[in-house]
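Position 1 is the first residue of the sequence, and the numbers go up from there. Please read all numbers here as calculations on a predicted model, not as lab measurements.
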Amino acid sequence: MKKWLGVIVAILVLAVIGMLGATYWSGAQAERWYEEALVEGSKSGNVKLSTVRYQRGLFSSQAVTRVDVAKPPEGGDSTISDPSFSIRQDIYHGPLPLAGREATGIPVQWAGAVVRATLDLDSSAWTRELAKWYGSQEPVVAILKIAFDGASDTQITMPPLALKDIEEVQSLLFSGLQGQFRVAAHSAAVQGNLTVASLEAVGKSAAASEQIKLKDLTMTINQHKGAFDLLFGESSFKVGELRAQDPATGAPFIVTNLSMTGSLSQQNPQQVAGEVLLKADRMTVDQQSGTGSLRLALHNLDGSTIEQLQQWQQKVSNNPDDPQALNELLKAVKALLHGKPELILDTQANLTQGDWQGQLTLNFQDFEHIDFLQDPSSLLAALEKGSAEVVASKKLVETVLADTIGEELQAQAEGQDQSVSEEALQSMAAIQANQQLQELAAAGFIRLEGDHYKTTARFEGGKLFVNDQEIPLMPPIDGGDHALEGEIPTEPARP
């Protein structure tokens with residue numbers, strides 16, 4: 001009996017020693033994963049992660065990480081002068097992170113480590129302000145479960161918030177935020193989403209209250225690392241409804257099902273292609289409404305050069321005064337143009353006043369020498385060919401042009417302390433708009449086909465054509481008045 005008892009005790013001792021050894025190993029692994037995450041998170045160039053403090057223990061570790069974000073340009077509209085901040089992380093070591101069960105709420109299961117991350121509320125002015133708003137609640141909590149191979153599953157939450165009469169805000173209602181992200185080992189892939197059910201804010205203004213309401217905000221990401229160390233796949237941002245009100249006029253601005261989607265794919269073994277699509281099911285501005293979309297596509301992008309440009313961006317963010325930065329950028333641009341990239345811009349809208357369709361295609365090429373500082377026109381050497389077509393309903397063009405002219409006439413009248421009736425302004429604006437359209441049609445810049453205005457343009461062989469008529473790109477060199485004054489012809493050359 002004593003012999004069996006000794007064997008059992010020995011087994012238990014060995015198990016405890018093994019568990020302690022595994023926990024120590026997990027702590028060392030967690031620190032390595034943490035260091036790798038700092039390097040990966042700093043690759044964008046606009047954000048730099050650094051360790052303020054890392055204290056490793058047997059069952060858990062504590063870390064403070066500084067997140068340095070590029071400051072907005074001086075004179076901008078940003079209300080945050082310095083967006084940088086710090087994060088506190090409690091790291092619970094595996095293989096059974098028992099110490100973190102109560103803090104994280106994650107059931108005990110095999111894992112490399114579990115991390116609970118929160119804002120260091122004393123790390124910046126805006127985090128201190130956020131702490132005042134949330135009081136005893138933590139504004140943001142992220143729980144990361146890290147697998148033994150370095151893959152992670154992260155849950156992010158922000159609690160609801162209701163404020164009244166805070167500085168420039170009359171009221172604020174925030175439903176809270178929920179998010180979940182899964183990152184594969186070595187950041188080979190990332191999938192996840194963030195959702196906000198609603199956000200409503202009313203500002204303070206002497207004339208009228210600034211109001212904004214957002215519903216059903218969603219951000220999704222589904223990307224994987226592929227060739228050239230690039231992340232291929234798709235990411236999107238969607239808003240179910242956006243409502244705002246102009247503080248001066250009280251005019252409403254409403255958008256439903258607004259979405260922006262970006263994607264990057266491998267076009268062939270050497271090149272990649274990217275696309276951004278922005279669209280709205282319905283947009284209402286004052287008394288006008290309609291639908292619309294914008295698509296920007298880039299094809300034939302050299303993958304290795306895109307990777308070099310990413311590295312260049314990171315290098316410049318770390319050393320913005322590098323004297324070689326501009327030369328390195330120009331070399332990368334030349335390498336990118338060698339693959340003859342193509343840019344396509346498609347726009348379309350169906351508005352109350354009429355419809356609009358436009359397409360622009362530009363094909364680029366390599367160049368021998370461009371000195372855009374001394375001769376901006378030398379940039380045309382990078383353009384191999386291009387084409388554009390715009391078709392817009394007659395009513396839409398006339399209305400938009402008349403409204404623009406009316407605003408200019410109103411500003412002139414106010415500047416001269418003159419009082420002009422609304423009817424008189426509209427009448428003068430309509431007359432001037434009609435005259436300008438007639439002049440453009442006579443010069444050949446636009447054509448009226450049925451109830452639509454149409455304009456086509458193409459660039460090829462170093463020449464620009466509008467509606468099949470050549471437009472001189474350079475002033476004449478025969479010593480005429482245009483050459484002396486540098487004027488641009490107001491009419492295309494007649495065939």
Exercise for the section: Flag the pair Lys340 and Glu342 as a salt bridge only when some basic side-chain nitrogen lies within less than 4.0 angstrom of an acidic carboxylate oxygen. Expected result: no
Problem - Test item: Gln271 side-chain N/O and Gly339 main-chain N/O as donor-acceptor pair under 3.5 Å - result: yes
Exercise for the section: Could you tell me whether the side chain of Glu138 reaches within less than 4.5 Å of the side chain of Arg116, counting heavy atoms only? Expected result: yes
Handout entry: Heavy-atom side-chain contact between Leu49 and Val67 under 4.5 Å
Key = yes
Handout entry: Polar side-chain atom of Arg243 near backbone of Ile212 as donor-acceptor pair, under 3.5 Å
Key = no
Handout entry: Lys331 NZ to Thr305 OG1 distance, which is reported to the nearest 0.5 Å
Key = 13.5 Å
Exercise for the section: Compute whether any side-chain donor of one residue and acceptor of the other, for Thr218 and Thr195, lie under 3.5 angstrom apart. Expected result: no
Exercise for the section: Give a yes or no on whether the backbone of Val69 and the side-chain of Ser84 come within a donor-acceptor separation of less than 3.5 Å. Expected result: yes
Problem - Heavy-atom side-chain contact between Phe232 and Gln223 under 4.5 Å - result: no
Exercise for the section: Answer yes when Asp120 and Arg88 have at least one side-chain N-carboxylate O distance shorter than 4.0 Å, and no when they do not. Expected result: yes
Fill in the blank from the handout: Distance col, row Leu301:CG vs Ile306:CD1, nearest 0.5 angstrom, shows 5.0 Å
Practice task
Please report the C-alpha distance between Val239 and Asp216 in whole Å, then the side-chain angles of each, then the deciding distance to 0.1 Å, and finally whether the side-chain contact (heavy atoms from CB on, under 4.5 Å) criterion is met.
Solution key: CA-CA 6 Å; Val239 180; Asp216 300 326; over 6 Å; no
Practice task
For Val196 and Phe174, run side-chain contact (heavy atoms from CB on, under 4.5 Å): C-alpha distance rounded to whole Å, both residues' side-chain angles, the deciding distance at 0.1 Å, then the answer.
Solution key: CA-CA 8 Å; Val196 174; Phe174 174 52; 3.6 Å; yes
Problem - Heavy-atom donor-acceptor pair, Ser263 side chain to Gly233 backbone, under 3.5 Å - result: no
Handout entry: Within-4.5 Å side-chain heavy-atom neighbours: Leu172 and Glu200
Key = no
Fill in the blank from the handout: Interatomic distance, OG1@Thr256 vs CG@Leu242, rounded to 0.5 Å, equals 10.0 Å
Handout entry: Test: Asp68 and Lys48 ion pair at under 4.0 Å
Key = no
Practice task
For the pair Gln211 (side chain) and Val202 (backbone), establish whether a donor and an acceptor sit closer than 3.5 Å, ignoring hydrogens and angles.
Solution key: no
Problem - NZ-OG1 distance between Lys279 and Thr347, expressed to the nearest 0.5 angstrom - result: 15.5 Å
Handout entry: Ion pair check, Asp366 and Lys334, cut-off under 4.0 Å
Key = yes
Handout entry: Contact check, side chains of Leu199 and Ser175, non-hydrogen atoms, under 4.5 Å
Key = no
Handout entry: Distance (rounded to the nearest 0.5 Å) between Lys225 NZ and Ser187 OG
Key = 5.5 Å
Exercise for the section: Nearest 0.5 Å please: distance from the CG atom of Leu177 over to the OG1 atom of Thr157. Expected result: 8.0 Å
Problem - Any donor-acceptor N/O pair, Thr127 side chain to Ser124 backbone, under 3.5 Å - result: yes
Fill in the blank from the handout: Of all heavy-atom pairs linking Ala388 and Leu360, the shortest is CB-CD1, 3.8 Å
Handout entry: Phe228: ring-ring contact (aromatic ring centres under 6.0 Å, His included) partners, not counting sequence neighbours
Key = none
Practice task
Verify side chain to side chain donor-acceptor pair (under 3.5 Å) between Asp346 and Gln359, making sure each step is shown before the conclusion.
Solution key: CA-CA 5 Å; Asp346 289 326; Gln359 184 180 70; 2.9 Å; yes
Handout entry: Nearest atoms (heavy-atom pairs only) where Thr220 meets Ser236
Key = OG1-OG, 2.6 Å
Handout entry: Charged N-O contact under 4.0 Å between Arg282 and Glu241
Key = no
Practice task
Could you give me the CA-CA distance, side-chain angles and deciding distance for Val115 and Tyr92, then say whether side-chain contact (heavy atoms from CB on, under 4.5 Å) is met?
Solution key: CA-CA 6 Å; Val115 181; Tyr92 303 100; over 6 Å; no
Exercise for the section: For Ser123 and Ser86, indicate whether the former's side chain and the latter's backbone hold a donor-acceptor pair under 3.5 Å. Expected result: yes
Exercise for the section: Please say whether more than 12 non-hydrogen atoms of neighbouring residues, nucleotides or ligands are located less than 6.0 Å from NE2 in His186. Expected result: no
Problem - Listed partners of Gln137 passing side chain to side chain donor-acceptor pair (under 3.5 Å), at least two apart - result: none
Handout entry: Exceeds 12 heavy-atom contacts within 6.0 angstrom, atom CE of Met260
Key = no
Exercise for the section: Verify the distance criterion only: is there a donor paired with an acceptor across the side chains of Thr65 and Gln89 at less than 3.5 Å? Expected result: yes
Problem - NZ/NE/NH1/NH2 to OD/OE distance under 4.0 Å, Arg182 and Asp153 - result: yes
Problem - Donor-acceptor side-chain pairing of Gln270 and Asp302 below 3.5 angstrom - result: no
Handout entry: Side-chain heavy atoms of Trp312 within contact of Leu329, under 4.5 Å
Key = yes
Problem - Beyond-backbone contact of Leu119 with Leu130, side-chain heavy atoms, under 4.5 angstrom - result: yes
Exercise for the section: Give a yes or no on this: more than 12 heavy atoms of other residues, nucleotides or ligands lie within 6.0 Å of atom CD of Gln357. Expected result: no
Practice task
Just say parallel, tilted or perpendicular for the rings of Trp126 and Phe85, cut-offs at 30° and 60°.
Solution key: perpendicular
Problem - Heavy-atom check, side chain of Asn363 versus side chain of Leu343, under 4.5 Å - result: no
Fill in the blank from the handout: Closest non-hydrogen contact found for Val255 with Ala280 is CG1-CB, 3.8 Å
